[in-house]
Q: 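The structure is given below, and queries will be raised subsequently.
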Amino acid sequence: MTGREETTGSRTDRADGPSDGRATGQSSAALVAALADARDLPDAPGRLVALERVAERADAAGDVRSAVDARFALIEAYLLHGERWRLIEPLRHCRAAADRWPALLTDAEAELLPRYQRYAVEALLGTPRVGLDQTRLLLDDLAHRVGADGPDAPTVAELRCRVADHLGDEPTARHFYQGWAGTRPGAAGGCPGCAPARRAELLAGWGEWQAARTELEASGTEAQECTDQPERALVAGLLPLLRVGEPEQAAAAHVRAYLRHRRERSAFPYLATHLRFCALGGHLERGLAILTKQLPRLDRPTDDLAAMEFAAAGALVCALADEAGLGDRTVHRPAYAERPATELDVATLGALLLGLATDLAGSFDARNGTGHQSGRMAAWLAERPAAAAVPLPADDDPGDEPSADEAGADEAGGDEAGADEAGPELGAADTEPDADAASEREVMALTVDMITSTLDRRGDRYLVDDGGTVVGRWGAAVIQFRRAGERGEVLHTRAMATRRLPTARRAEAYAFCNAWNHDRLLPKAYAHNLDTEILLAGDVATDLTHGVAPAQLLVLVDAAIATGVAYAEAVADLP
C-alpha cells in the first residue's frame, strides 16, 4: 500500500496541555520511563500487558498525557498483531481525553484518531467478538466528526455500506454504495489503490460480475503505487472473470496472485477466493494441493471471517473432489496445541471444514441478529463449476520451500505436508539465468519470507517467533528483523549487545551512545535500563512503502548486520 509508517507522534514535553489540575502537559518521569520500557519489550503478549499496566497507572495518577501515549502504543501493538477487535477501549479513552482537552493531542495524533476509529469499525466485519451496538456508536460518532461534505464522507459511506452488507441488508448497502463509488478515500479512508478491489469484492458478492470487472479495469495509477497490488485486484477479479466467460484470464490472474499469497500471512483472507476459483474453474487437483499446503494456516487465521471463508471454500473443494471420485485421497493435518497430527481423507476433511464454517457463521449471525452469514456460506457450498477447465499458465516460482509464516506454524504444532502445489495441471518452468536476474530486481512488498530468504542466501542461522520477528546471533550481537508500520512496510532492525553494564555505569553508557550517534550513522544507539543492568541496543528503520527488490533487501540486511556487529563489538571493548 501507499502509506508511510504511522506513529502516534506523542510528546511528553508539551507546554500547551491541560492546566486545570487534572492533567499535566508534561508526563511524570516514572511513567515516561515505564512506557519506554514497555515499548522496548519484544512483540509478544507480555508487551501488551506492560502497556496496559502503564495506561492504568497513568489513569490512577491523573497523568492524561501518559495515559494517551500508552493507549496509542497499545493501538499500534494491537494493529501489529492483527487484533483490531481490541481497539475500541483504548480508542474510546483517547477520544474522551481529546474531547475534554482539545490541546492535548499532537497534530499527528489528531490525524491518526479517525483512521484508528475506522479500523475499530471494520473489526465488526472480521470477528463476532465486537458488539454491534458498540460499532454503530463508533460509526455514528465518526460520521458526526467528518461531516456530510468532508473529505472522509466517502469513508463513512463505505463503512455503512460494508456493515449493511455484512448484516444482509442489501438495499441499504446499495444506497450507501452510491456515496462511495467513484470517490477517492480521505485521510482516514485507507489505501486509495485498494478501494477499487474492495468495491469489486462487494459487487461480486451481489452477483454483479460485469460491474465488478469494470470497477477493476477503471482503477488508476494509485493502484500501481500500492504494494498490495496488482495481486489483490487480480484475486478480486477471479470469480467475475469466470462468470463472464473469460476463464483463461482468470487462470492467469490466479497463478500470478497465488505465487505471492501462498506465503504471506497477511494474505490469508485471499486464499478462500483462490480455492473457490479452483473449485468453480474445474481445477480440483490443484485445489486439493493448495488446501493441503495452506491448511496449517487455519489454526492461526488473521481473523474469524477469513477462517470461516477459508473453511467454507475448502469444504467446497472437498465436496466437488468427492463427487469427482477423489474422496479417498488423504490429506495430512499437522498437530497443533493439544490436537495430534492426523491423516484425513478428503470427505472427512470436508465435513470438518464444513462444521467449522457453520459454527463461525452461526457466531456472526447470533451477534448480528440475522441469518445472512449462514446463508452466504450455504450459497457458496451449493455452487458448481462455472466454466470448463482451461490449462493453467506455467508457475514460474523457482522453489517450494516453506515460508517463515509456515515454519512458525510448524513450530507451533507439527510438520506441514510436503504437497506439490503445482499438481498435474501446473508444471514449474525452468528458471533461466536472465529470469533469475530479473526476479532479483523485481520490486515487491516486504514479507517475513523475503527476510528469511535473504538470511538463507547469506548462510545465517535464525529463529522466527510467533509474531513474525526473525532473531539471530552474530558474534557479540543479537539482531532482530521485523516488519513494522500499519501494513508491515517498514523493515525494522534491532541489534542488542550481549554484554551488559551495571546500572552504576549509567552515565558512561549514555556517554558511549551519544558518542556513537555523533560519529556514526547506523545503528541509532540507546541505553535501556533493566533493573540491575543496562542493555545497550541500536536500531535501523527503513521505509519500504513502495516495495523492495530481493537484491536491495540483501544490501539492507548486510548493512544492518555489519553495523550491528560493529556496535556490539564496541560495547564489548568498553573497559
Side-chain angles (χ1 to χ4, degrees), residues 85 121-133 135-136 139 158-177 180 197-212 235-236 238-240 242-243 268-281 287 291 298 301-323 347 349-386:
W85 61 275
V121 171
E122 288 177 328
L124 174 98
L125 310 176
T127 178
R129 288 177 283 188
V130 176
L132 185 57
D133 290 339
T135 302
R136 284 172 168 158
L139 183 49
E158 174 189 353
L159 292 173
R160 293 198 186 280
C161 172
R162 293 168 63 195
V163 169
D165 178 70
H166 178 79
L167 299 176
D169 186 356
E170 187 175 325
T172 300
R174 287 182 177 272
H175 167 74
F176 285 112
Y177 181 83
W180 174 32
R198 294 197 298 272
R199 287 194 282 263
E201 289 164 357
L202 196 70
L203 291 167
W206 296 338
E208 302 280 354
W209 307 113
Q210 188 58 52
V235 169
L238 288 182
L239 299 184
L242 275 182
R243 295 297 187 181
F268 180 76
Y270 307 136
L271 294 181
T273 305
H274 285 292
L275 289 171
R276 291 179 71 197
F277 162 78
C278 291
L280 304 179
L291 181 59
L298 185 59
T302 52
D303 58 39
D304 295 314
L305 180 73
M308 177 184 73
E309 294 185 340
F310 179 92
L316 175 62
V317 169
C318 290
L320 294 179
D322 193 21
E323 292 176 8
L349 175 60
L352 288 174
L353 294 175
L354 174 60
L356 176 59
T358 301
D359 288 345
L360 287 170
S363 296
F364 277 108
D365 289 339
R367 189 272 311 274
N368 298 341
T370 70
H372 178 64
Q373 295 301 322
S374 295
R376 190 165 70 94
M377 295 300 96
W380 281 21
L381 290 162
E383 291 179 308
R384 288 299 178 265

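A quick note: this is a predicted structure, and the numbers were derived from the prediction, not measured.
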Q: Rounded to the nearest 0.5 Å, what separation is found between the CG atom of D303 and the CG atom of L360?
A: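 Going from the CG atom of D303 to the CG atom of L360 covers 10.0 Å.
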Q: Calculate, to the nearest 0.5 Å, the distance between atoms CG and CG belonging to L271 and L298 respectively.
A: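 Spacing of CG (L271) from CG (L298) equals 10.5 Å.
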Q: Might you point out which heavy atoms bring L320 and P385 nearest each other, and give the distance in Å?
A: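 Heavy-atom minimum between the residues: CD1-CD, 4.3 Å.
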Q: Taking R376 first and then E309, would you say they form a salt bridge - that is, a charged N and a carboxylate O separated by under 4.0 Å?
A: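 Yes, this pair counts.
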Q: Considering only heavy atoms from C-beta outward, does the side chain of Y177 approach that of L203 to under 4.5 Å?
A: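 Y177 reaches L203 side chain to side chain.
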Q: A312 and A357: which non-hydrogen atoms are nearest, and at how many Å?
A: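 Smallest heavy-atom distance, with atoms named: N-CB, 3.7 Å.
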Q: Looking only at heavy atoms, which two atoms of V130 and A123 are closest? And how far apart?
A: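 Distance-wise, the nearest heavy atoms are CG2-CB, 4.0 Å.
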Q: Main chain of T370, side chain of N368: is a donor-acceptor contact present, judged purely on distance under 3.5 Å?
A: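 Here the side-chain-to-backbone pair does not exist.
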Q: In sequence, state the C-alpha distance, the side-chain angles, and the governing distance for R162 and E201, and then conclude on salt bridge (charged side-chain N to carboxylate O under 4.0 Å, His left out).
A: CA-CA 11 Å; R162 293 168 63 195; E201 289 164 357; over 6 Å; no
Q: Kindly compute the distance separating CG (L275) from CG (L238), expressed to the nearest 0.5 Å.
A: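 With rounding to 0.5 Å, CG (L275) is 11.0 Å from CG (L238).
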Q: Roughly how far, to the nearest 0.5 Å, is CZ of F176 from CD of E158?
A: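 Result: 13.0 Å between the selected atoms.
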Q: Looking only at heavy atoms, which two atoms of F268 and P301 are closest? And how far apart?
A: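 Minimum heavy-atom separation between F268 and P301: CE2-CB, 3.7 Å.
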Q: When you measure from the side chain of R243 to the backbone of G207, do you find a donor-acceptor pair of N or O atoms at a distance under 3.5 Å?
A: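 Looks like no, no N/O pair under 3.5 Å.
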Q: Would you say that P128 contacts D304 through its side chain, given a criterion of any heavy-atom pair below 4.5 Å between the two side chains?
A: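 Yes; the side chains approach each other to less than 4.5 Å.
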Q: How close do A272 and A313 get, counting heavy atoms only, and between which atoms?
A: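 Minimum heavy-atom contact is O-CB, 3.4 Å.
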Q: Does V235 offer a backbone N or O that forms a donor-acceptor pair with the side chain of H274 under 3.5 Å?
A: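 Checking the backbone N and O of V235 against the side chain of H274, no donor-acceptor pair under 3.5 Å is found.
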Q: Looking only at atom types and distance, does a side-chain atom of R367 sit under 3.5 Å from a main-chain N or O of T127, one as donor and one as acceptor?
A: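 Between the backbone of T127 and the side chain of R367 there is a qualifying donor-acceptor contact (under 3.5 Å).
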Q: To check you understand the geometry: which heavy-atom pair defines the closest contact between A197 and A236, and what is its length?
A: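 Closest heavy-atom pair between A197 and A236: O-CB, 4.0 Å.
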Q: Applying side-chain contact (heavy atoms from CB on, under 4.5 Å) to L349 and L291, what does each step give before you reach the verdict?
A: CA-CA 10 Å; L349 175 60; L291 181 59; 3.9 Å; yes
Q: With no hydrogens and no angle check, is any side-chain donor or acceptor of Q373 less than 3.5 Å from a backbone partner on G362?
A: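 Judged by distance alone, no pair lies under 3.5 Å.
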Q: Do L132 and L167 touch side chain to side chain, with heavy atoms closer than 4.5 Å?
A: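 Yes, their side chains come closer than 4.5 Å.
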Q: Can you tell me how far the CZ atom of R198 sits from the CH2 atom of W180, to the nearest 0.5 Å?
A: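 Result: 6.0 Å between the selected atoms.
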Q: How far does SG of C161 sit from CG of L202, to the nearest 0.5 angstrom?
A: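 So the SG of C161 and the CG of L202 are separated by 4.5 Å.
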